[in-house]
Amino acid sequence: MAIKEEFESEIKRKNFIRALYLAKELALPEEEIEQIAKKSLWQVAGIERNPYATKRLAIELGYSKDKIKQILIEQADKEKESGDKKSIGPCYDYRSGKYLTFEEWLSRFLKEWNKIN
């Protein structure tokens with residue numbers, strides 16, 4: 001399968017992390033890569049709530065802690081506006097043993113930024 005076809009397939013499957021790497025390989029315009037990067041970050045942070053993958057992806061993208069915070073807050077606001085309450089609602093957090101809303105999870109993630117490897 002050609003890279004372009006694989007990229008399109010990953011976008012359709014909403015596998016934005018893989019699509020991001022393929023977009024870079026295809027040397028797509030920076031603006032398009034940026035949009036896929038934001039979707040990738042939302043996928044690992046907002047949907048999966050994986051602090052380790054979120055920080056690793058942020059580092060790979062060269063984004064600061066403040067940039068990540070900005071991107072994730074903007075995306076959470078879009079989710080609220082669209083009426084998708086599931087992705088920002090309470091989700092079990094294995095590190096705290098509690099159900100945390102996305103805002104609570106994000107706050108904890110940012111507070112523990114330097115402790116996350």
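Values reported hereafter were calculated over all heavy atoms of this structure, with side chains retained and with hydrogens, waters and symmetry mates removed. Numbers for residues simply follow the sequence, beginning at 1.
Ile116 and Leu106 fall within the same hydrophobic cluster, defined by Ile, Leu, Val, Met, Phe, Trp and Tyr side-chain heavy atoms under 4.5 Å apart, directly or through other members.
Looking at Ser9, its side chain never comes within 3.5 Å of a backbone N or O of Glu5 through a donor-acceptor pair. Listed for the Gln43 side chain is a donor-acceptor partner under 3.5 Å among the backbone atoms of Lys14. Under the 3.5 Å distance criterion, the side-chain polar atoms of Lys65 are matched with a main-chain donor or acceptor of Leu110.
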I would like to know whether Ile73 and Glu103 meet side chain to side chain contact (heavy atoms under 4.5 Å, CB included); could you show each step before the answer? CA-CA 8 Å; Ile73 288 172; Glu103 288 83 6; over 6 Å; no
Using the rule given for side chain to side chain contact (heavy atoms under 4.5 Å, CB included), can you reason through Leu28 versus Leu22, listing the C-alpha separation, both sets of side-chain angles and the distance that settles it, and then say yes or no? CA-CA 9 Å; Leu28 294 179; Leu22 293 170; over 6 Å; no
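Applying the ring pair (Phe, Tyr, Trp, His ring centres under 6.0 Å) definition to pairs two or more places apart or across chains, those involving residues 74-93 are Tyr92-Tyr99. Residue pairs meeting the ring pair (Phe, Tyr, Trp, His ring centres under 6.0 Å) criterion with at least one member in residues 24-77, sequence neighbours excluded, are Trp42-Phe102. Listed by first and then second residue, the ring pair (Phe, Tyr, Trp, His ring centres under 6.0 Å) pairs involving residues 16-38 amount to none (not counting sequence neighbours).
Considering CD1 of Ile88 and OG of Ser82, their distance stands at 8.0 Å, rounded to 0.5 Å. For the atom pair Ile59 CD1 and Thr54 OG1, the distance stands at 11.0 Å (nearest 0.5 Å). One finds the CD atom of Glu10 at 11.0 Å from the CD1 atom of Ile36 (value rounded to the nearest 0.5 Å). Atom CD of Glu25 and atom CD1 of Ile3 lie 3.5 Å apart (nearest 0.5 Å). Atom CD1 of Ile33 is separated from atom CG of Leu61 by 10.0 Å, given to the nearest 0.5 angstrom. Taken from SG in Cys91 to NZ in Lys98, the straight-line distance is 15.5 Å, to the nearest 0.5 Å.
Residues Pro51 and Arg95 have side chains in contact (heavy-atom distance under 4.5 Å, counting atoms from C-beta outward). In this structure, Arg18 and Glu6 have side chains that are in contact, with non-hydrogen atoms separated by less than 4.5 Å.
For the residue pair Gln35/Glu31, the side-chain donor-acceptor check at 3.5 Å is not satisfied.
Under a cut-off of 6.0 angstrom, the local environment of CZ in Arg56 is sparse, with at most 12 non-hydrogen atoms contributed by other residues, nucleotides or ligands.
Shortest non-hydrogen contact noted between Ser87 and Glu79 is OG-OE1, 3.3 Å. Looking at every heavy atom in both residues, Lys55 comes nearest to Trp113 through NZ-O, 2.7 Å.
Ring geometry for Phe109 against Trp105 counts as parallel: the plane angle stays under 30°, on a 0 to 90° scale with 60° as the upper cut.
The pair Glu104-Arg108 does not count as a salt bridge, with every side-chain nitrogen at least 4.0 angstrom from each carboxylate oxygen.
Put simply, the residue from Lys67, Lys24, Lys39 that forms a salt bridge (Lys or Arg N to Asp or Glu O under 4.0 Å) with Glu34 is Lys67.
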